[in-house]
Amino acid sequence: MKTQELYSWKDRTNRRVFSEGMRDGIPIGLGYLAVAFSLGIAARNVGITAGQGFLMSLLCNASAGEYAGITLIAAGASLIEAAVMTFVVNARYLLMSCAMSQRMQPGTSLVHRLAMAFDITDELFGIAISRPGYLNPYYTYGAVITAAPGWAIGTALGCIAGNIMPERVVSALSVALFGMFLAVIIPPAKKDKVVAVLIVLSFAASYAASVLPGISSVSGGTRTIVLTIVLAAGAAILFPKKQEEEAA
């Protein structure tokens, strides 16, 4: 009887936590729906269909990673280059996964760990890691179920709208791609001079690599990958952040 009562208590707890995750994931999903619309417009401009865009965003729920991938597709990069760049841009999720693994109850199965790691985003990580005590996998599952579809549906709707709307309107909305990049880089650049300098250096290095003899003959995707790794590694070595600064 005690064993049955224990499992019954766990089931009730998991259902409650799952419902809490669904509740907390709703506003995130609505935000994803709006932001992913511009992603769909950009995807449509490189020939991605609504179905492909939906599947792309469902399997890779990462704004910066998908924008980088779409940019490389537009530049005619190979699939390997797009995959490597997506991995580099999304590398920060490895750190988030490590942080979450330290908060999981000992004995949590590998299946639960892999399932939770499949869809870690900045927002989903934020609401999960802020909960007290051990992380319950069912909370993440509930949040993902309500948040992730918003990103995929928003992308598909953007692709559909791009096919329906006049070409002038689509071209105008495509500016949202650059707006997204600016929204990503400007706030941290204002807070940290090192970041601001690195952004300027990245623009200059990217332009130089596109015109210098020899280097310019390398594909745009490969140049982007190499510059990203070199600049990021150089900044990490020359300007390491102390643990207290990161916590702040």
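Note that the coordinates shown come from a computational prediction; the quantities given were computed from them, not determined experimentally.
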### Message
Under 3.5 Å, is there a donor on one side chain and an acceptor on the other for T86 and Y67?
### Response
no
### Task
May I ask you to check if R131 and Y139 form a cation-pi contact, with NZ or CZ under 6.0 angstrom from the six-membered ring centre and within 45° of the axis?
yes
### Query
Are I28 and M96 connected in a single hydrophobic cluster, I mean Ile/Leu/Val/Met/Phe/Trp/Tyr linked by side-chain heavy atoms less than 4.5 Å apart?
no
### Query
Closest heavy-atom contact between N61 and E66?
CA-OE2, 4.1 Å
### Task
Please round to the nearest 0.5 Å and tell me the distance separating atom OH of Y207 and atom CG of L212.
9.5 Å
### Of I153, T155, L157, the residue whose pairing with F37 passes side chain to side chain contact (heavy atoms under 4.5 Å, CB included)
L157
### Query
Would you find a donor on one side and an acceptor on the other, under 3.5 Å apart, between the side chain of S57 and the backbone of A152?
no
### Query
So how far is it from N90 CG to I120 CD1, rounded to the nearest 0.5 Å?
11.5 Å
### Task
Determine whether I70 and Y32 fall in the same hydrophobic cluster, where Ile, Leu, Val, Met, Phe, Trp and Tyr are linked whenever their side-chain heavy atoms lie under 4.5 Å apart.
yes
### Query
Any side-chain heavy-atom pair from D119 and T121 closer than 4.5 angstrom?
yes
#### Entry: Cluster link F125 to Y138, ILVMFWY, side chain under 4.5 Å
yes
### Query
In Å, rounded to the nearest 0.5 Å, how long is the span from CD of Q102 to OG of S97?
11.5 Å
### Check against side chain to side chain contact (heavy atoms under 4.5 Å, CB included), M100 and T140
CA-CA 11 Å; M100 291 182 69; T140 298; 4.3 Å; yes
### Query
Should we say atom CG of L79 is surrounded by more than 12 heavy atoms from elsewhere, each under 6.0 Å from it?
no
### Message
Run Y134 and T108 through side-chain hydrogen bond (donor to acceptor under 3.5 Å, both in side chains) and show every step you take.
### Response
CA-CA 10 Å; Y134 288 121; T108 302; over 6 Å; no
### Task
List the steps and the verdict of side chain to side chain contact (heavy atoms under 4.5 Å, CB included) for T49 and C159.
CA-CA 6 Å; T49 65; C159 292; over 6 Å; no
### Task
Please report the shortest heavy-atom distance between H112 and P137, naming the atom on each side.
ND1-CB, 3.7 Å
### Task
Rounded to the nearest 0.5 Å, what's the gap from CD1 on I129 to CZ on R103? Could you check?
4.5 Å
### Query
Taking atom NZ of K193 and atom CG of L198, what is their separation to the nearest 0.5 Å?
14.5 Å
### Query
Any idea which heavy atoms bring A62 and W151 closest together, and the distance?
N-NE1, 4.1 Å
### Task
Report whether I73 and L55 are members of the same hydrophobic cluster (ILVMFWY, side-chain heavy atoms less than 4.5 Å apart, transitive linking).
no
### Query
If every non-hydrogen atom of A50 is compared with every non-hydrogen atom of I160, which pair is closest and at what distance?
CB-CG1, 3.6 Å
### Query
Minimum heavy-atom separation for G53 to I48, with atom names?
N-CG2, 3.5 Å
### Task
Look up atom CG in L135 and atom CE in M104, then write down how far apart they are to the nearest 0.5 Å.
6.5 Å
#### Entry: Which atom of F118 lies closest to which atom of L59, heavy atoms considered
CZ-O, 4.0 Å
### Task
Treating Ile, Leu, Val, Met, Phe, Trp and Tyr as nodes and any side-chain heavy-atom pair under 4.5 angstrom as an edge, say whether V144 and F18 lie in one connected cluster.
no
